[in-house]
Protein chains: 2
Amino acid sequence: MFSKACEYAIRASIYIAVKSESGQRVSLKDIAGAIDSPEAFTAKILQQLSKDQLIDSVKGPSGGFSIEKKKLQHLRLSQIVYAIDGDRIYKGCGLGLKDCSERKPCPVHHKFKAIREELKNMLEKTTVTELASGLGKGLTFLQR
Amino acid sequence: MFSKACEYAIRASIYIAVKSESGQRVSLKDIAGAIDSPEAFTAKILQQLSKDQLIDSVKGPSGGFSIEKKKLQHLRLSQIVYAIDGDRIYKGCGLGLKDCSERKPCPVHHKFKAIREELKNMLEKTTVTELASGLGKGLTFLQR
DNA sequence: ATATATTAAGATCTTTTTATCCTTTATTAT
DNA sequence: ATAATAAAGGATAAAAAGATCTTAATATAT
Ligand code: FES
Ligand code: FES
């Protein structure tokens, strides 16, 4: 569904969100440990999210990653996915045709579209805080 | 969503189905041309489908691929997907945790599960003939 | 100011996926 | 029987994704 990079991105964002809610900044090492991801690879991904200003980063001692509370209120899953995987989820044809097109649909177009639409809605509606809340309460998990 | 191999598998199956309905067998070259896929790679994929007895193949002059009418009546998209991509679509966690688990869910588990379930239903309900019919009528397309 | 902790950036390596090529085997037509 | 045709199978290559390493930049604390 998503690339590995995107999965890490989402997991990391949720973890950072939990910490940010109590005003803490978290280091790369901390994050990679919490979400069970390769550190260096995770660094790249966070770099990208930071460039896109979805998360904030501070260098140096006591530095690390965080998400401004203001941003956090609005941050959607869709934004993370878009930053890492681009729009292939939204625009890609289920059977791999160059683009998904209403005018020249592939055989699964209609059935696919419905599901993709739902996925899209879900990603656009779901906020990262919302997910962070479940994690904070110990109801959900980021590794196994 | 699916691997490239799986996309080709589905496209090829639908094309073979259309031809099989009128009793024709189709060659690899014909298929690859019709679905715009790399010939040798497509061969590997068809080999797999043939091994799994989802499609039939005959060597030699006037040989090629086909799907027995009896099989065709029951052949579902889910079978093709399973033969090529395995069960990752059904069992994989949306955030890449080792398995998707109800007892120790990831933060998106519930939202994800709903969508995955729909996808699964769709694949299990949809027959290849059904899709072939739209293609045969010129309503849908396998390349662009 | 200096040393230190921490992210940024670029280069490189590894693995997986996608794709090709070549030889063998089976089938058909002559 | 023989030649021609088409898929099967195995080996290899290219591209993409995933992951690591090394150096640079920057902020903090002393
Ligand atoms: S054309 Fe294939 S999903 Fe729309
Ligand atoms: S645990 Fe992640 S989708 Fe079920």
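Order of the sequence lines fixes the chain letters, A, B, ..., with proteins taken first and strands second; residue numbering starts at 1 for each chain. All values reported here derive from a predicted model rather than from experimental measurement.
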Distance, rounded to the nearest Å, where A:D56 contributes CG and D:dA27 contributes C1': 15 Å
d(CZ, A:R11; P, D:dG18) in whole Å: 13 Å
Inter- and intrachain pairs under ring pair (Phe, Tyr, Trp, His ring centres under 6.0 Å), touching residues 121-144 of chain A, at least two apart: none
Residue pairs fulfilling salt bridge (Lys or Arg N to Asp or Glu O under 4.0 Å) with at least one residue in residues 3-29 of chain A, sequence neighbours excluded: A:K4-A:E7
Please output the side-chain donor-acceptor pairs of residues 57-65 of chain B that fall under 3.5 Å, not counting sequence neighbours, one pair per line with the distance.
none

Partner set under side chain to side chain contact (heavy atoms under 4.5 Å, CB included) for A:A83, not counting sequence neighbours: A:L49, A:D52, A:L54
Sequence-aligned protein contact record of nucleotides 7-19 of chain C, with B where the base is within under 4.0 Å of a protein heavy atom and S where only the sugar-phosphate is: BBBBB------SB
Pair up each side-chain donor or acceptor in residues 108-117 of chain B with any protein partner under 3.5 Å, not counting sequence neighbours, and list the distances.
from   : atom 1 : to     : atom 2 : distance (Å)
B:H109 : NE2    : B:E102 : OE1    : 3.3
B:H109 : NE2    : B:E102 : OE2    : 3.3
B:K111 : NZ     : A:T126 : OG1    : 3.3
B:K111 : NZ     : A:E130 : OE2    : 2.6
B:K113 : NZ     : B:E102 : OE1    : 3.2
B:R116 : NE     : B:Y90  : O      : 3.4
B:R116 : NH1    : B:Y90  : O      : 3.4
B:R116 : NH1    : B:G92  : O      : 2.5

